[in-house]
There are 2 protein chains.
Amino acid sequence: MELKELSPETIEKAANMLKAIAHPIRISIVGYLEDGKKRTVTEIHKKLGIEQATASHHLVILKDRGVLSSKREGKNTWYYLKHANLRNILNSIGDCCKE
Amino acid sequence: MELKELSPETIEKAANMLKAIAHPIRISIVGYLEDGKKRTVTEIHKKLGIEQATASHHLVILKDRGVLSSKREGKNTWYYLKHANLRNILNSIGDCCKE
DNA sequence: CAAATATATGTAAATATGTTGATATATCCG
DNA sequence: CGGATATATCAACATATTTACATATATTTG
């Protein structure tokens, strides 16, 4: 795939998706969901040690920009990675940054 | 690799790197350099149809955040991808966004 | 219905980023 | 040195993002 052949719309969408991930808390959220499991807002905010409202806020951003999907079940909303290959992004970036 | 085990510093660095890429012009620049070749500011600004100052500005951002490297040779500064596996990021994102 | 639990939204101030045009610096060559 | 070419920087305004706290909405259960 040659990215330079992508349409402006696709590039715009890709930028929004990357912007969504490009934040310490949201990287951590994506990292926590990297295994493909679905997790609730409560699980996420407790795991990451952040406020519930903060977690919800960042989860909405990730969902709006196409990084995560969610499904409501009773009191809970389960969030999960929308695309399995988003894992590659974190792995690649992680590799670059560990050096 | 489990991202959740990365240090806060590494996560911070990863966020800065992703933030650097997460912009339409900068995605296009990285896409243009995706083949691993070194290119000058002039080549880049002409190829993308943007002002020279704009290109230089965005190239500095990409370099400062560890996405690109550069090497001055006479009048020219050659920019190129610092990490080969950054290509995976664009490919993954592109795949997610084409749908 | 009321209480408890889970999630989402609103607001406002602080901070960061983007954009543009003008200008500065660096290098080469005659 | 002086002109031409290539790149980098500056300044200033507009826009977007972050953060934190308060509060609202939704769902289950007694």
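The sequence lines fix the lettering, A, B, ..., with proteins before strands; numbering per chain opens at 1.
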Minimum-distance nucleotide (side-chain atoms of A/Arg26 versus D/dT18, C/dA8, D/dA8): D/dT18
Short side-chain N/O contact from A/Thr77 to OP1 or OP2 of C/dA6, under 4.0 Å: no
pair A/Ile44-A/Arg39: side-chain heavy atoms closer than 4.5 Å: yes
Heavy-atom side-chain proximity of A/Leu33 to A/Tyr80 below 4.5 angstrom: no
Touch class at under 4.0 angstrom, heavy-atom based, for B/Thr40 against every strand present: sugar-phosphate
Side-chain touch B/Glu51/B/His45, heavy atoms, less than 4.5 angstrom: no
Which residue lies more 5' along DNA chain C, comparing A/Lys19 with A/Thr54 via nearest heavy atoms: A/Thr54
N/O (side chain, B/His23) to phosphate O (OP1/OP2, C/dT19) under 4.0 Å: yes
Sugar-phosphate only, base, or nothing, as touched by A/Ser56 at under 4.0 Å among non-hydrogen atoms: base
Main-chain N/O of A/Thr77 paired to A/Arg72 side chain as donor or acceptor, under 3.5 Å: no
Protein-to-nucleotide contact annotation, 5' to 3' order, nucleotides 23-30 of chain D [B base; S sugar-phosphate only; - none; under 4.0 Å, heavy atom]: ----BS--
4.5 Å side-chain heavy-atom contact, B/Asn88 and A/Ile89: no
Distance test, side-chain N/O of B/Asn76 to OP1/OP2 of C/dT27, below 4.0 Å: no
C/dA8 OP1/OP2 closer than 4.0 Å to side-chain N/O of A/Tyr79: yes
Gap separating the CD atom of B/Glu9 from the SG atom of A/Cys97, nearest 0.5 angstrom: 12.0 Å
Length of the CG-P vector between B/Leu59 and D/dA6, whole Å: 15 Å
Nucleotide C/dA22, atom P - distance to NE2 of B/His57 in whole Å: 17 Å
Value in whole Å for how far the C1' atom of D/dT7 lies from CD1 of B/Ile29: 14 Å
Euclidean distance, atom CD1 of residue B/Ile61 to atom P of D/dA8 [Å, nearest integer]: 13 Å
Sub-4.5 Å side-chain heavy-atom contact between A/Leu59 and A/Lys63: no
Spacing of B/Ile25 atom CD1 relative to C/dG18 atom P, expressed in whole Å: 10 Å
Atom-pair distance (CD on B/Glu43; P on D/dA6), nearest Å: 11 Å
Value in whole Å for how far the C1' atom of D/dA20 lies from NE2 of A/His45: 15 Å
Whole-Å gap separating P (D/dT7) and CD1 (B/Ile50): 13 Å
